[in-house]
Amino acid sequence: MIAHGKNIKIFAANSNPDLATKIAEKLELPLGKSSVGKFSDGEVSVNIYETVRGSDVFVIQSTSEPVNDYLMELLIMIDAFKRASAGRVTAVIPYMGYARQDRKAKARDPISAKLVADIIATAGADRVLTMDLHAPQIQGFFNIPVDHLLGVPVLSAYYAKKFGRNREDVVIVSPDLGSVTRARNFAQRLNAPIAIIDKRRPKANVSEVMNIIGDVKDKNVILVDDMIDTAGTITNGAKALMEHGAKEVFACCTHGVLSGLAIERIEQSPISELVVLDTIAIPQEKRVDKIKVMSVAPVFAEAIERIYEDLSVSTLFV
């Protein structure tokens with residue numbers, strides 16, 4: 001039980017109540033008493049049913065689909081806590097929506113990730129705790145401290161246990177050039193080689209596999225990505241790996257967005273198992289046999305405890 005100085009309080013909005021409950025249980029704390037709903041005209045309604053004056057408040061809310069609703073819930077909760085004289089408010093955002101809009105890809109594009117960062121700080125957040133931003137440099141979009149956790153340690157530990165000492169035929173695969181650093185980090189933890197899928201994306205949410213860099217013939221391959229949205233990239237990559245002689249294809253990611261035809265594509269793909277973390281709530285209808293969900297509650301609980309105790313969080317980044 002955490003007990004020193006000012007109170008610590010954990011609150012949650014509506015995006016991922018199961019994860020919030022697990023985090024609170026790990027900290028041996030109750031979830032704060034609050035309700036987040038809507039008025040008849042659709043505006044967000046927030047009610048806080050306990051005092052937070054001087055407290056160290058952590059608000060747990062992923063800004064997943066419906067992203068705009070969940071983002072507004074987070075902003076209004078932060079505002080409510082600041083106006084109730086909370087000592088410090090930390091926005092715990094396991095999955096941050098709009099993070100893929102981190103640069104101008106073409107003329108007149110917005111940089112929505114920067115806008116969202118500004119809005120969160122303006123609402124009154126004192127710091128942000130998140131996991132696997134699509135681009136790590138988004139941390140620099142915030143003018144408040146950002147603790148950026150990684151999903152790789154959780155996922156790599158699962159595969160280390162799954163394959164045990166028999167890892168001679170395991171290859172870690174990056175689904176594109178942009179994920180090579182993540183795949184290399186993952187491979188170092190398993191002491192395994194890496195391969196890279198070189199692909200061309202003709203338009204948004206459509207990917208075309210071009211070439212495999214590395215040896216995957218007769219290997220158990222693990223595709224590693226930060227998120228899986230429509231699953232086009234990961235399933236096309238899996239097909240290409242099998243065509244290049246891979247023995248079996250596994251896949252994992254931190255954020256299971258799983259929108260559009262994702263579930264259908266995964267079920268029809270040669271992927272044997274897809275492991276996702278619960279940064280985004282996975283509804284029951286999407287929990288097909290191929291998908292395994294692992295919890296990030298222990299990692300976030302430890303990070304929250306370290307922030308509250310004013311201890312280093314950097315050991316959780318590696």
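Because only heavy atoms are used, hydrogens play no part in the values below, and waters and symmetry mates are left out as well, while side chains stay in. Given the structure is predicted, the values throughout are model-derived calculations rather than measurements.
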Chemist: Would you give the length of the straight line joining atom CD1 of Ile172 to atom CG of Leu223, rounded to the nearest 0.5 angstrom?
Modeler: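 These two atoms lie 9.5 Å from each other.
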Chemist: Quick check for you: to the nearest 0.5 Å, what is the distance between Ile228 atom CD1 and Arg265 atom CZ?
Modeler: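 With rounding to 0.5 Å, CD1 (Ile228) is 12.0 Å from CZ (Arg265).
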Chemist: Determine yes or no for a side-chain-to-main-chain donor-acceptor pair under 3.5 angstrom, with Ser156 supplying the side chain and Pro153 the backbone.
Modeler: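 Yes; judged by distance alone, with no hydrogens or angles, the pair exists.
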Chemist: Would you compute the distance between atom CG of Asp215 and atom CD1 of Ile194 and round it to the nearest 0.5 angstrom?
Modeler: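 CD1 of Ile194 is found 13.0 Å from CG of Asp215.
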Chemist: Do you know which two heavy atoms are closest between Ser179 and Asp225, and how far apart they sit?
Modeler: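 Ser179 and Asp225 have their closest heavy atoms at OG-OD1, 3.3 Å.
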Chemist: Examine distances only and state if a side-chain atom of Gln61 and a backbone atom of Tyr70 form a donor-acceptor pair shorter than 3.5 Å.
Modeler: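 At least one qualifying donor-acceptor pair exists.
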Chemist: Any Lys/Arg nitrogen of Asp109 or Lys106 sitting under 4.0 Å from an Asp/Glu carboxylate oxygen of the other?
Modeler: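 Salt bridge between Asp109 and Lys106, a charged N being under 4.0 Å from a carboxylate O: yes.
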Chemist: Please determine whether side-chain contact (heavy atoms from CB on, under 4.5 Å) holds for the pair Asp132 and Met227, giving the CA-CA distance in whole Å, both sets of side-chain angles, and the decisive distance to 0.1 Å.
Modeler: CA-CA 9 Å; Asp132 272 341; Met227 71 173 66; over 6 Å; no
Chemist: Identify, with sequence neighbours excluded, every residue that meets side chain to side chain donor-acceptor pair (under 3.5 Å) alongside Ser64.
Modeler: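 Residues passing side chain to side chain donor-acceptor pair (under 3.5 Å) with Ser64: none at all.
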Chemist: Tell me, with the steps shown, if Val173 and Leu241 meet side-chain contact (heavy atoms from CB on, under 4.5 Å).
Modeler: CA-CA 9 Å; Val173 180; Leu241 290 165; 4.2 Å; yes
Chemist: Might you point out which heavy atoms bring Met242 and Ala246 nearest each other, and give the distance in Å?
Modeler: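 Minimum heavy-atom separation between Met242 and Ala246: SD-O, 3.6 Å.
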Chemist: Following the transitive rule for hydrophobic clusters with a side-chain heavy-atom cut-off under 4.5 Å over Ile, Leu, Val, Met, Phe, Trp and Tyr, establish whether Leu74 and Val36 coincide in one cluster.
Modeler: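 Yes.
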Chemist: Donor-acceptor check, side chain of Glu273 to backbone of Lys292, threshold 3.5 angstrom: yes or no?
Modeler: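 No; zero donor-acceptor contacts below 3.5 Å.
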Chemist: Show which side-chain atoms of residues 111-119 pair as donor or acceptor with protein atoms under 3.5 Å away, not counting sequence neighbours.
Modeler:
| residue | atom | partner | partner atom | Å |
| --- | --- | --- | --- | --- |
| Ser112 | OG | Gln101 | OE1 | 2.7 |
| Lys114 | NZ | Asp118 | OD1 | 3.0 |
| Lys114 | NZ | Phe141 | O | 3.1 |

Chemist: For residues Ser269 and Lys290, report the shortest heavy-atom separation together with the two atoms involved.
Modeler: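 For Ser269 and Lys290, the tightest heavy-atom pair comes out as O-NZ, 2.6 Å.
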Chemist: What's the separation between atom CG in Leu277 and atom OH in Tyr158, rounded to the nearest 0.5 Å?
Modeler: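 If I round to the nearest 0.5 Å, the distance is 12.0 Å.
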Chemist: Under the ring pair (Phe, Tyr, Trp, His ring centres under 6.0 Å) rule, what do Phe11 and Phe81 come out as? Steps first, then yes or no, please.
Modeler: CA-CA 10 Å; Phe11 287 88; Phe81 290 127; 4.7 Å; yes
Chemist: Evaluate the side-chain proximity of Ile307 to Val313: yes if any heavy-atom separation is below 4.5 Å, no if none is.
Modeler: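 The answer is yes, as the side chains (C-beta and beyond) meet within the 4.5 Å cut-off.
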Chemist: Taking the side chain as every heavy atom from C-beta outward, state whether Glu248 and Val221 have any atom pair closer than 4.5 Å.
Modeler: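 Of all side-chain heavy-atom pairs linking Val221 with Glu248, none is under 4.5 Å.
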Chemist: So, Asp226 side chain and Leu133 main chain: donor-acceptor pair closer than 3.5 Å or not?
Modeler: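 Looks like no, no N/O pair under 3.5 Å.
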Chemist: Examine distances only and state if a side-chain atom of Ser55 and a backbone atom of Val57 form a donor-acceptor pair shorter than 3.5 Å.
Modeler: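 No; zero donor-acceptor contacts below 3.5 Å.
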Chemist: To the nearest 0.5 angstrom, please state how far the OG atom of Ser259 sits from the CD1 atom of Ile280.
Modeler: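 Going from OG on Ser259 over to CD1 on Ile280, the span is 9.5 Å.
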Chemist: Hey, does the side chain of Thr130 reach the backbone of Ile93 with a donor-acceptor pair shorter than 3.5 angstrom?
Modeler: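 Present.
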Chemist: Does this structure show an ion pair linking Glu302 with Arg306, if we count only N-O contacts that are shorter than 4.0 Å?
Modeler: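 Answer for the salt bridge query: yes.
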Chemist: Can you name the residues that form a side chain to side chain donor-acceptor pair (under 3.5 Å) with Arg127, not counting sequence neighbours?
Modeler: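 If we apply the side chain to side chain donor-acceptor pair (under 3.5 Å) test to Arg127, skipping adjacent residues, the hits are Asp147.
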Chemist: Determine whether a donor-acceptor pair (N or O, by modelled atom type, separation under 3.5 Å) exists between the side chain of Lys219 and the backbone of Lys247.
Modeler: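 Not a single qualifying donor-acceptor pair exists.
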Chemist: Distance only, no hydrogens: is a donor on one side chain within 3.5 Å (strictly under) of an acceptor on the other, for Asp102 and His134?
Modeler: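 No.
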Chemist: For Lys162, look at atom NZ and say whether over 12 heavy atoms of other residues, nucleotides or ligands are found less than 6.0 Å away.
Modeler: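 Counting other residues, nucleotides and ligands, NZ of Lys162 exceeds 12 neighbours.
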Chemist: When you look at Asp278 and Ser295, which way does the side-chain hydrogen bond (donor to acceptor under 3.5 Å, both in side chains) test go after all the steps?
Modeler: CA-CA 5 Å; Asp278 62 349; Ser295 184; 3.0 Å; yes
Chemist: Could you walk me through whether Ile234 and Ile271 satisfy the side-chain contact (heavy atoms from CB on, under 4.5 Å) test, starting with their C-alpha distance in whole Å, then the side-chain angles of each, then the deciding distance to 0.1 Å, before giving a yes or no?
Modeler: CA-CA 9 Å; Ile234 211 83; Ile271 295 172; 4.0 Å; yes
Chemist: Donor-acceptor pair, Arg182 side chain versus Val224 backbone, under 3.5 Å?
Modeler: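 Answer holds: no.
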Chemist: Taking C-beta and beyond as the side chain, do Tyr98 and Thr63 meet within less than 4.5 Å on heavy atoms?
Modeler: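 Not in contact.
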Chemist: Quick one: salt bridge (charged side-chain N to carboxylate O under 4.0 Å, His left out) pairs with a partner in residues 31-60, sequence neighbours left out?
Modeler: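 Salt bridge (charged side-chain N to carboxylate O under 4.0 Å, His left out) check on residues 31-60 returns Lys9-Glu50, Lys38-Asp69, Asp56-Arg88.
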Chemist: What's the separation between atom CD1 in Ile197 and atom CD1 in Ile212, rounded to the nearest 0.5 Å?
Modeler: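 Going from the CD1 atom of Ile197 to the CD1 atom of Ile212 covers 4.5 Å.
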Chemist: Is there a continuous path of hydrophobic side-chain contacts, each under 4.5 Å between heavy atoms, that joins Leu71 to Val146?
Modeler: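 Same hydrophobic cluster.
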Chemist: Answer yes when Lys22 and Asp18 have at least one side-chain N-carboxylate O distance shorter than 4.0 Å, and no when they do not.
Modeler: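 Salt bridge: no.
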Chemist: Please tell me whether Asn16 and Ser62 have a donor and an acceptor in their side chains that are separated by less than 3.5 angstrom.
Modeler: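 Result is no, nothing qualifies.
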Chemist: Do the side chain of Glu267 and the main chain of Val288 share a donor and acceptor less than 3.5 angstrom apart?
Modeler: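 Not at all, since once roles are kept as given, no pair shorter than 3.5 Å links the two residues.
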Chemist: Is there a path of hydrophobic side-chain contacts, each under 4.5 Å between heavy atoms, that joins Val249 and Leu274?
Modeler: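 Hydrophobic grouping puts Val249 with Leu274.
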Chemist: Just to verify, what does Thr181 make a side chain to side chain donor-acceptor pair (under 3.5 Å) with, not counting sequence neighbours?
Modeler: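 Listed in chain order: nothing, the list is empty.
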Chemist: Should Leu311 and Ile10 be counted in the same cluster of Ile, Leu, Val, Met, Phe, Trp and Tyr side chains packed under 4.5 Å apart?
Modeler: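 As far as the 4.5 Å side-chain criterion goes, Ile10 and Leu311 are not connected within one cluster.
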Chemist: Passes side-chain contact (heavy atoms from CB on, under 4.5 Å), Ile120 versus Leu75? Steps please.
Modeler: CA-CA 6 Å; Ile120 290 171; Leu75 297 173; 4.0 Å; yes
Chemist: Would you list the pairs meeting ring pair (Phe, Tyr, Trp, His ring centres under 6.0 Å) in which at least one residue belongs to residues 240-298, sequence neighbours left out?
Modeler: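 Listed by first then second residue: Tyr95-His255, Phe163-Phe250.
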Chemist: Does atom CG (Asn191) have a neighbourhood of more than 12 heavy atoms from anything else shown, all under 6.0 Å?
Modeler: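 No, the 6.0 Å shell around CG holds no more than 12 heavy atoms from other groups.
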Chemist: Do Leu258 and Leu261 land in one hydrophobic cluster if side-chain heavy atoms of ILVMFWY residues count as linked below 4.5 Å?
Modeler: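 As far as the 4.5 Å side-chain criterion goes, Leu261 and Leu258 are not connected within one cluster.
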Chemist: Does atom CZ of Arg103 have more than 12 heavy-atom neighbours, drawn from other residues, nucleotides or ligands, at distances under 6.0 Å?
Modeler: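 No, the 6.0 Å shell around CZ holds no more than 12 heavy atoms from other groups.
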